[in-house]
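See structure below.
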Amino acid sequence: MRATPSWWGAEAIALRLPAAGTRAALPVALLLTAGFVAPLVAIIAYSFATPRSFDVFSSFTLENYAGIFDTSNTVWLSFLWSGLFAIATVALLAVFAYPIAYGMDRLFGRWSSLVSILFVFPLFVSENVRLYGWVLFFIKNGVLDGSLKAVGFDGGPDILFTPGMILAGMVYTYLPFMLFPMTLGLAMVPKDLIDAARDLGASRLQIWREVELPLAMPGILIGMLLTFVLGIGAVAEAKILGGQSVIVIAHDIEIAFTYSQNWPLGSALAVVITLFIGVLTLAVFGKLDLDRLLGRR
Amino acid sequence: MSIDVKKPKPILQLVGVRKTFGDFVAVDRIDLDVRQGEFLTIVGPSGSGKTTLLRMLAGMDVPSEGNITLHGELINDVPPNKRPTCLVFQSLALFPHKTVGDNIEFPLKVRGVDKETRKARALELMRVVRLPADYHGKNVMKCSGGERQRVALARALAYDPEVLFFDEPLSAIDYKLKKILEKELKDLHRETGKTFIYITHSLEEAMVMSDRIGVMRAGKIVQVGTPEEIYATPADRFVSEFVGEVNVIEVAKSAAGTWQGVDLPGTYTIRPPKDEDAARAFVVVRPEFMRLLDEGETADNCLEGTVYNEYSLGSRLQYQVHVGAKVMLVEVPRGRLANAARDARVRLGFDARDAIVVGS
């Protein structure tokens, strides 16, 4: 074998040090590998392991997946509940958050930062604590029921531990995640365009449909995606406000990993839900121009 | 006030129009008649209130005081979508998510015009503004600056307004293209026969296109006139300086009734200012009317100075001459050899008929 000296020299230089960009990216790459790629690989590997075992990397079976898609099991019901809750949460949030976002962008003026703080503030308190607060409020002989009885009424409505209560809790918990991307989306609509549309004869409804909504769409879509993903993975609302009247998919995964010690099943469930959300996310981002959203263009 | 029957009837009339934002007076009691079919340019430095004036005309702002009438009807509170007027924005305000065709068809779409008619009209307008027909389906953000101008123009024309407003739409365009578009806009004005009201801070732009120019300063219209009037008989020093580079000599009336220079001593032979009783006045001499005097040549007024620098302005040469503590500008056509070199002592002269005398 013969190597020309010049070729050898170039190789030596190339081997000595990677490019500056690569070196700078190394810490992040290591962190991502250790913190995200490794657990993900472990989960995927576990999902193909023998059920109720810890034989990861040493066994291969599709049994876990077969179990999930076997309709005689009730796990499809958990998927359905999670999906329904997530869809309903997104739909309700879109309706509730739009007027608030519109107000923050156009109407509240210097008060809009105060309004933002009011909406961010609950995030400083643990979600579980806030949800238990709701339980104390709505529970029999709780704040609402007890107060109403004390002033001579029959007592409060019996709405705790129902799917409706779970949905209300989710809408409440995830409101900021819809509101802020939506406000950003609306803020990105140049006011000139609205003036121009009006000047060209458009009514308020036409301006909204033709100009405002399509241009605010990136922000709205991000808000919807964010709340949908959070909603699919939500578990605390169902456990605390639902009182386990309904089992959502995240709860199933949690049970598999803890109480029933069936890591392979839990992993398979996690892989299915991750794939579903991943495909959805890619589909949405494929439609979005992130550069434009971040104002780089 | 006498009625001049020869004047075309005003389409838009402003009487005592005033706009305040808190304590700030943006537009201060403007009276203005806009004639049917004219190309009127409002020119003024930034902050002079010209954009506010235009926004009131377009209906985006409501006057604090005064009346705006269109064909004699009060339109102060009529919203922009109910006015037969249309504004071409400085930013152009094209809809970035729509194609060229959809942008142009927008005013027709919101009016409920059917698709075929809309497209036919859009293609017709694209021809008028010199856009190729295959641009109809093009993403408007992929168009060049000049093409976007044309799209914005076509969109405004699609609204079929009686009056078109322009808010400095050419300010972001490079010089060469700007010159082309200015002329095209004037041609378009002729072709459409509509009333154009254009605002700009560039008097050069105003001069090229306008039938009449209104000069604005600090919320007031200082002078309205044809480009020739603005150029030849500016109302005051501000207008004269706005028109271009000028030499200004302050003079004061002596007891004997002669005009004495304030910073450049000497007696000046000038035409009397409009206000005959004025004790002070400014003599404004444009660089092209200031002459480099040859040996033995004289003028009504002569000054002596030292050449500091020479600038080439293409077809003309400009000299910066230091006269006492003042700097004077002299322009001579290239080819007519001037005997001025740097540091040369020269004599400058101007005649009374070439000097504008303004009171303030």
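Keep in mind that what you see is a predicted model, and the values were worked out from it rather than measured. In the text below, chain A, chain B and the rest are named by the order of the sequence lines, each starting its count at 1. The figures here come from the full heavy-atom set of this structure, side chains too, leaving out hydrogens, waters and symmetry mates.
In this structure, the portion of B/Arg55 lying under 4.5 Å from any heavy atom of chain A is its side chain and not its backbone. The part of B/Leu94 that comes within reach of chain A is its backbone (N, CA, C, O), which places non-hydrogen atoms under 4.5 angstrom from that chain.
The aromatic rings of B/Phe196 and B/Phe166 sit tilted, their planes meeting at an angle between 30° and 60°.
Ion pairing of A/Lys191 with A/Asp105 is present here, as a side-chain N (NZ or NE/NH1/NH2) and a carboxylate O approach within less than 4.0 Å.
With chain A as partner, the option from B/Arg83, B/Lys98, B/Met141 having the largest number of non-hydrogen pairs under 4.5 angstrom is B/Lys98.
Side-chain contact, A/Asp252 with A/Ser78: a donor N or O sits under 3.5 Å from an acceptor N or O. Under 3.5 Å, the side chains of B/Gln90 and B/Ser171 contain a donor-acceptor pair of N or O atoms.
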